[in-house]
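Worksheet: one structure, shown below.
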Protein chains: 2
Amino acid sequence: MNTSMDAPRRTRIQQEKRELILEAALEVFSTHGFRGSTIDQIAEAAGMSKPNLLYYFRRKEDIHEALMQRLLDTWLAPLRELDDIGDPLTELRSYIRRKLEMARDFPRESRLFANEILQGAPRIMPLLAGELKTLVDEKAAVIKGWMRAGKIARTDPWHLIFSIWATTQHYADFDVQVRAVLGPNRGGDGRFEDAARFLEQLFLEGLKPKS
Amino acid sequence: MNTSMDAPRRTRIQQEKRELILEAALEVFSTHGFRGSTIDQIAEAAGMSKPNLLYYFRRKEDIHEALMQRLLDTWLAPLRELDDIGDPLTELRSYIRRKLEMARDFPRESRLFANEILQGAPRIMPLLAGELKTLVDEKAAVIKGWMRAGKIARTDPWHLIFSIWATTQHYADFDVQVRAVLGPNRGGDGRFEDAARFLEQLFLEGLKPKS
DNA sequence: CAAATTTTTGACCGATTGGACAAACGTTAG
DNA sequence: CTAACGTTTGTCCAATCGGTCAAAAATTTG
């Protein structure tokens, strides 16, 4: 009798069902927010009854927590990859490209994160001030090194990172507005390529050192 | 007996109380979203009983609708002011500055809007595809004229507007994250001036025509 | 096979939700 | 004063919420 889900020991069926639930919860939470989502909604999306769902996750908050935990890892992966080895401008350009690809391929994850932050990050505040701040500070130091070396224009590394986050995630979080404004023609599948071209020009020309 | 709130005829006390309710609702809706907010919360924030609130707004949705209606006007005002009369680069720079000031002075309005868009804009979709698209298309044409005249670099006007929205509203919608990452020192009141300086450099140097 | 264990479900519960309603209260005009 | 009207509130309601529980069903184990 192993009803405690805290233990890492899990059967094959438990892993599968938990995965199914998290997939459904991502869909529901990302579009309605935490309080706006109901367990019934998630259970129906996962194709199971509510008590059955609660057999795998005891509380609604446990689902959200598990979702956020795995989210942060994949979500910050592109920034972690920002390395000091290559050409600075190339590094930044590929970081922007990767972030934009994530906005295109994982819009639900982006909206889930945006929902949490919008409401004051009540559940992940410690992570922001801890793990996230450490990572950003570390990368800001790398960027500052590039500036001192004259490889890119001198500016604020932190706000540079913010602006990359903002512009790329905008195409996931505000996708509805983007498509509405662009209209049927320009708002089709090509909008991400247009965005990539524009952002590359905006950031690179703006960061180009004054030669 | 004038219990129908639809009619434009309103007493002085009705105007005052409706204003009080909308102010309280802005606070509540912007931090919890529509479904995450309760009428009781809004009523308490407005200092009145729930039935009394429902005397002025018959349904919860009516409050949200009234809030969104007045929001869009003030929210798009900076873009409406974008004119063809001045120097293009100066016009764009002051637009960015105004948008950033709105993010600083009216973060609740920004978050209310973000919440609505995040959830698929179920209540204002017609406005996005109608009024908003028209306005943006009109301003995009103005910007395109500047490009043809060689006043600013050639790029996509629509995505340029998106990037200005994204970068400025980021400081309202993601304020918690911004302050957490910047820390106590750099995350203080000066963060908006730092952001203004950074954004000015990012956009202007990137938009400068290749002379 | 049968026993033990895990998985699934129908029924149920207390709390909260948006909203209705009539009665009470306040204010103003005659 | 009093009648009429606008305002406020206590009480109530049906629906929905997150979550429990015992028992059935399915699966694994011996």
Side-chain angles (χ1 to χ4, degrees), chain A residues 1-25 27-29 31-68 115 119 122-123, chain B residues 1-25 27-29 31-68 115 119 122-123:
Chain A
M1 194 195 312
N2 177 22
T3 54
S4 76
M5 290 292 121
D6 321 325
R9 174 87 52 197
R10 283 185 190 123
T11 69
R12 175 189 51 84
I13 194 167
Q14 276 177 347
Q15 285 183 9
E16 287 177 3
K17 294 284 177 156
R18 284 175 66 95
E19 199 58 39
L20 203 75
I21 292 170
L22 289 179
E23 158 66 25
E27 184 70 29
V28 176
F29 278 142
T31 55
H32 297 100
F34 181 76
R35 284 209 55 187
S37 305
T38 70
I39 300 183
D40 297 84
Q41 272 180 302
I42 301 173
E44 191 191 340
M48 62 178 70
S49 64
K50 180 170 68 172
N52 194 11
L53 182 148
L54 286 168
Y55 169 73
Y56 293 102
F57 291 92
R58 301 253 264 265
R59 302 175 309 156
K60 179 186 178 184
E61 220 175 315
D62 291 348
I63 312 175
H64 192 264
E65 190 183 323
L67 221 44
M68 293 300 293
N115 258 308
Q119 288 162 21
R123 288 165 243 277
Chain B
M1 192 193 313
N2 178 19
T3 55
S4 77
M5 292 290 124
D6 322 324
R9 174 89 50 200
R10 285 184 189 124
T11 69
R12 175 187 52 84
I13 194 167
Q14 276 178 347
Q15 284 183 8
E16 287 176 3
K17 295 284 177 155
R18 283 175 67 95
E19 198 59 38
L20 203 75
I21 293 171
L22 288 179
E23 157 66 25
E27 184 71 28
V28 176
F29 278 143
T31 56
H32 297 100
F34 180 76
R35 284 210 53 185
S37 306
T38 69
I39 300 183
D40 297 85
Q41 272 181 304
I42 300 172
E44 191 191 340
M48 61 179 68
S49 64
K50 180 170 67 172
N52 194 11
L53 183 147
L54 285 169
Y55 170 72
Y56 293 101
F57 291 90
R58 300 251 266 266
R59 301 175 311 155
K60 179 185 177 185
E61 220 177 313
D62 291 347
I63 312 175
H64 192 265
E65 189 182 324
L67 220 45
M68 293 300 294
N115 257 309
Q119 288 162 20
R123 288 166 244 278

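So you know, we letter chains A, B, ... as the sequences are listed, proteins then strands, and number each from 1. In this text the structure is predicted, and so the values were computed from the model without any measurement.
Contact detail for B:N115 and A:Q119: the closest heavy-atom pair is OD1-NE2, 4.1 Å. Across B:Y56 and B:R18, no two heavy atoms sit closer than the pair O-NH1, 3.4 Å. Of all heavy-atom pairs spanning A:I42 and A:I21, the tightest one is CG2-O, 4.1 Å.
Rounded to a whole Å, the OH atom of B:Y55 is 16 Å from the P atom of C:dA22. Rounded to whole angstrom, the span from the CD1 atom of B:I21 across to the P atom of D:dT7 amounts to 11 Å. Atom NZ of B:K17 and atom P of C:dT27 are 11 Å apart (whole Å). Put simply, CZ on B:F57 is 13 Å from P on D:dT7, counting in whole angstrom units. Atom CZ of B:F29 and atom C1' of C:dG18 are 12 Å apart (whole Å). Remark: P of C:dT9 and CD of A:E44 are 13 Å apart, rounded to the nearest angstrom. The CD-C1' distance, from A:E16 to C:dT8, rounds to 16 Å in whole Å. Atom-to-atom, CZ of B:R18 to C1' of D:dT7 comes out at 15 Å; the value is rounded to the nearest Å.
Using a 4.0 Å cut-off between a side-chain N of Lys or Arg and a carboxylate O of Asp or Glu, A:K50 and A:E44 do not qualify as a salt bridge.
No cation-pi contact links A:K60 to A:F29, judged by a cut-off of 6.0 Å to the six-membered ring centre and 45° from its axis.
Counting only heavy atoms from C-beta outward, the side chains of B:I63 and B:R58 never approach each other to under 4.5 Å. No side-chain heavy atom of A:R123 sits under 4.5 Å from any side-chain heavy atom of A:M68. Counting only heavy atoms from C-beta outward, the side chains of A:Y55 and A:K17 never approach each other to under 4.5 Å.
Dashed line: the shortest gap from a side-chain N or O of A:N52 to OP1 or OP2 of C:dT7 is not under 4.0 Å. Residue A:Q14 has a polar side-chain atom (N or O) positioned under 4.0 Å from OP1 or OP2 of C:dT7.
Comparing the axis of the opening five pairs of the helix from C:dC1-D:dG30 to C:dG30-D:dC1 with that of the closing five pairs yields an angle of 0°, rounded to 10°.
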Check nucleotides 18-28 of chain D against the protein and report each pair of N or O atoms closer than 3.5 Å, with its distance, or say if there are none.
| from | atom 1 | to | atom 2 | distance (Å) |
| --- | --- | --- | --- | --- |
| D:dG18 | OP1 | A:S37 | O | 3.2 |
| D:dG18 | OP1 | A:K60 | NZ | 3.1 |
| D:dG18 | OP2 | A:I39 | N | 3.0 |
| D:dG18 | N7 | A:K50 | NZ | 3.2 |
| D:dG19 | OP2 | A:K60 | N | 2.8 |
| D:dG19 | O6 | A:K50 | NZ | 3.2 |

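Atom CD of B:Q41 has more than 12 heavy atoms from other residues, nucleotides or ligands within 6.0 Å.
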